[in-house]
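By convention in this document, chain letters (A, B, ...) are assigned in the order of the sequence lines, proteins followed by strands, and residues within each chain are numbered from 1. Computed from a predicted structure; not experimentally measured.
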Number of protein chains: 2
Amino acid sequence: MRVTIADVAREAGVSKTTVSRVLNTKADVDAGTAARVREVIDTLGYVPSSGAVGLARGRSRTVAMLTPPLTWPWMGEVLQGVVDTVEAAGYGLLLFTCNRGAESVDHFTGQVSARAFDGLLVIEPENTLDTITAMHRRGLPVVLIDDRGHHPEFPSVATTNRAGGASAARHLLTAGRTRPLLVTGPAAFGCVRERTEGFTGVLPTGLVVEGEFTEASGRHAVEQALAAGMSFDSVFAHNDLIAAGALRALRDAGRRVPEDIAVVGFDDIPMARHTAPPLTTVRQPMRQMGETAAGLLLARLAGEPIGDEPVVLPTELVVRGSAPGG
Amino acid sequence: MRVTIADVAREAGVSKTTVSRVLNTKADVDAGTAARVREVIDTLGYVPSSGAVGLARGRSRTVAMLTPPLTWPWMGEVLQGVVDTVEAAGYGLLLFTCNRGAESVDHFTGQVSARAFDGLLVIEPENTLDTITAMHRRGLPVVLIDDRGHHPEFPSVATTNRAGGASAARHLLTAGRTRPLLVTGPAAFGCVRERTEGFTGVLPTGLVVEGEFTEASGRHAVEQALAAGMSFDSVFAHNDLIAAGALRALRDAGRRVPEDIAVVGFDDIPMARHTAPPLTTVRQPMRQMGETAAGLLLARLAGEPIGDEPVVLPTELVVRGSAPGG
DNA sequence: CTGAAAGCGCTTACAG
DNA sequence: CTGAAAGCGCTTACAG
């Protein structure tokens, strides 16, 4: 039915070995022979079976990615960066989310053991970092994409959380704001500590509320702060969802943004340009993080030595209506 | 190095055939023998090589998905639905976007010919529908997820665009709106015609502007309509991005939403609950579309006969502040 | 420059 | 109930 290397060999009057040599452009093949083989390959429309090649070579030319829920607002950018890079290298990308508890973790580890892929890209594996580390120790190439401030023993890509926090503070300071309210993510995350330190290093404040990375959390935090009679002229939110919640709470309370209170977020998710007013935020280069991580993994698979030092990408302040320039 | 079926066979004192039988739970294996083999499998931590199994069986237990840019606002939901379903069936999911022009299309078709996967899920393959159709004719199982109103010759999953448009119209009518402005997507799309027909069947209007599925397009359309002095008391946008642009244009023009003008969108993307005011919209069950399409493909791969009739999932009106109940 | 043969790690008739 | 052997479609020493 389907055309195999044997068909090509027969048709071209050579051995399978020679066809294989042509396929993999090894030296030491007569130019005429090679041309003839290539012609047969074309007319027959022959494409080597990836399964058979993988078995014979012991590598699948496929990498896997393990992600948090794909509905997170910045996942699309990261994923696109990864897919583009992986595709361009001629690799396939296998996607796992482990979204369904223990059963799906088993499915995933099974695929690892089954050698279904050559390397692994991981994004914020909240509960599986130990498992991943163990896999890495057993020889699976792994690269982590992380905005949570983990510090694994394998290569990773991160952003300048501290500098990002500082840039938000400088921006507010320049605009004349001196009494900021901080609404952070969970204190357990390294990125939360870094963003806070970067910010307070420039613009110290006693008004710090620990929240979660959700819109509801941001709304709640600001409602509470207002109810408690706290006096603040700006909000620095640890991500854009928190900031969106803050915007909503302020609007509901009749505070004007940015006249009464300026708001700065973190991430620059697609929604940030559609809030009212559009959100000033510290941009994380999500697509570039995906590209960089995929590039590292592919380099590692190609045998190039890559260090274990995290690659740190710069954040960038994006100024919009919620906190205009000073 | 890695443990193979031969290691298990040797250790258990049986043939590879018997180990294979146990692995695939065929009948006709002595209970005691089976138990012993299973024990050896456990202690050795043996997992069959997916590549070798695939080669021997001629199927890879992997499906592929070909998607538009992953940054589209509803891709996360669809993808999550697909991944969950595919993982639960013990299949792997290979992701392709063909985002980089001809080269990436070649990469993709190469993987098809290489039999890297058993079946294909496609989402809105704007320029590749012919290619996909040809692949389907040559025997590749394909299922389409579509909100653009294509009508392929293979199974597909769609939503009730016409009923969705009608529900938007009924909602506005009940709220006392009689002069709606329609901002549609490109007229070439089947879904655009259906949404328009559904809407105007209930609430006829002469104010129809053809746009694109973007925020900028929605903003522009409403700005033009206002500048032209059109008089309307509501906007029905063909997707939520258009609606978000309309909200912005109305706000910038000093029109109050919903008091002066009510706005209804389509899709219910995550952003819809964060606009100001939050968007009333016709919800498409994106995750369920992903689950359904994946389920169809898996059923087909399992040998169950599935018809070529499109599976049509119901839309649902979600009422929020931009167009409250009447 | 080229080919016969073994091997990658499984499954599947076939025979007993 | 069980095993020897062939086969899936490639690659890779090895020999010439």
Task: Ion pair check, B:Arg100 and B:Glu103, cut-off under 4.0 Å - done: yes
Task: Distance, rounded to the nearest Å, where A:Arg61 contributes CZ and D:dC10 contributes P - done: 16 Å
TODO: Count the heavy atoms of every other residue, nucleotide or ligand shown that sit under 6.0 Å from CD of A:Glu309, and state whether that count exceeds 12.
DONE: no
Open item on the list: Taking the side chain as everything from C-beta on, heavy atoms only, tell me whether B:Cys98 gets closer than 4.5 Å to B:Leu66.
Closed with: yes
- [ ] Take atom CG of B:Asn24 and atom C1' of C:dA13, then tell me their distance rounded to the nearest Å.
- [x] 15 Å
Open item on the list: Rounded to whole Å, how long is the line connecting atom CG of A:Leu23 with atom C1' of C:dG3?
Closed with: 17 Å
TODO: Could you check how far CZ of A:Arg57 sits from P of D:dC8, rounded to whole Å?
DONE: 21 Å
- [ ] Look at B:Thr18 and D:dT2 and indicate whether a side-chain polar atom (N or O) is within less than 4.0 Å of OP1 or OP2.
- [x] no
Open item on the list: I'd like to know if A:Arg2 reaches the base of D:dG9 with its side chain, counting only an N/O donor and acceptor under 3.5 Å.
Closed with: no
TODO: Identify the heavy atoms of A:Arg2 and A:Ser49 that sit nearest to each other, and give their distance.
DONE: NH1-CB, 3.6 Å
Open item on the list: Partner lookup for C:dT2, please. Criteria are Watson-Crick or G-U wobble with both distances under 3.5 angstrom; report none if nothing qualifies.
Closed with: D:dA15
TODO: Using whole Å, report how far CZ of A:Arg21 lies from C1' of D:dC14.
DONE: 11 Å
TODO: Would you mind reading off the distance between A:Asp7 atom CG and D:dG9 atom P, rounded to a whole angstrom?
DONE: 9 Å
Task: Atom pair distance, as rounded to whole Å: CD1 in A:Ile5 and P in D:dC8 - done: 14 Å
Task: Residue met sooner reading DNA chain D from 5', once B:Lys16 and B:Gly13 are mapped to nucleotides - done: B:Gly13
Open item on the list: Is A:Ser20 close enough to D:dC10 that one of its side-chain N or O atoms is under 4.0 Å from OP1 or OP2 there?
Closed with: no
Open item on the list: Is any side-chain heavy atom of B:Phe117 closer than 4.5 Å to one of B:Met65?
Closed with: no
Open item on the list: If you go through the side-chain atoms of B:Arg115, does one of them form a donor-acceptor pair with the base of D:dG9 closer than 3.5 Å?
Closed with: no
- [ ] Find the distance B:Arg10:CZ to C:dG9:P and express it as a whole number of Å.
- [x] 12 Å
Open item on the list: Need one value for B:Thr17: base, sugar-phosphate or nothing, where a base atom within 4.0 Å counts as base even if backbone is also close, heavy atoms only.
Closed with: base
Task: Residue whose closest nucleotide on DNA chain D lies nearer the 5' end, B:Thr33 versus B:Leu55 - done: B:Thr33
Open item on the list: Regarding B:Asp28, tell me which of base, sugar-phosphate or nothing describes its non-hydrogen contacts under 4.0 Å with the strands shown.
Closed with: base
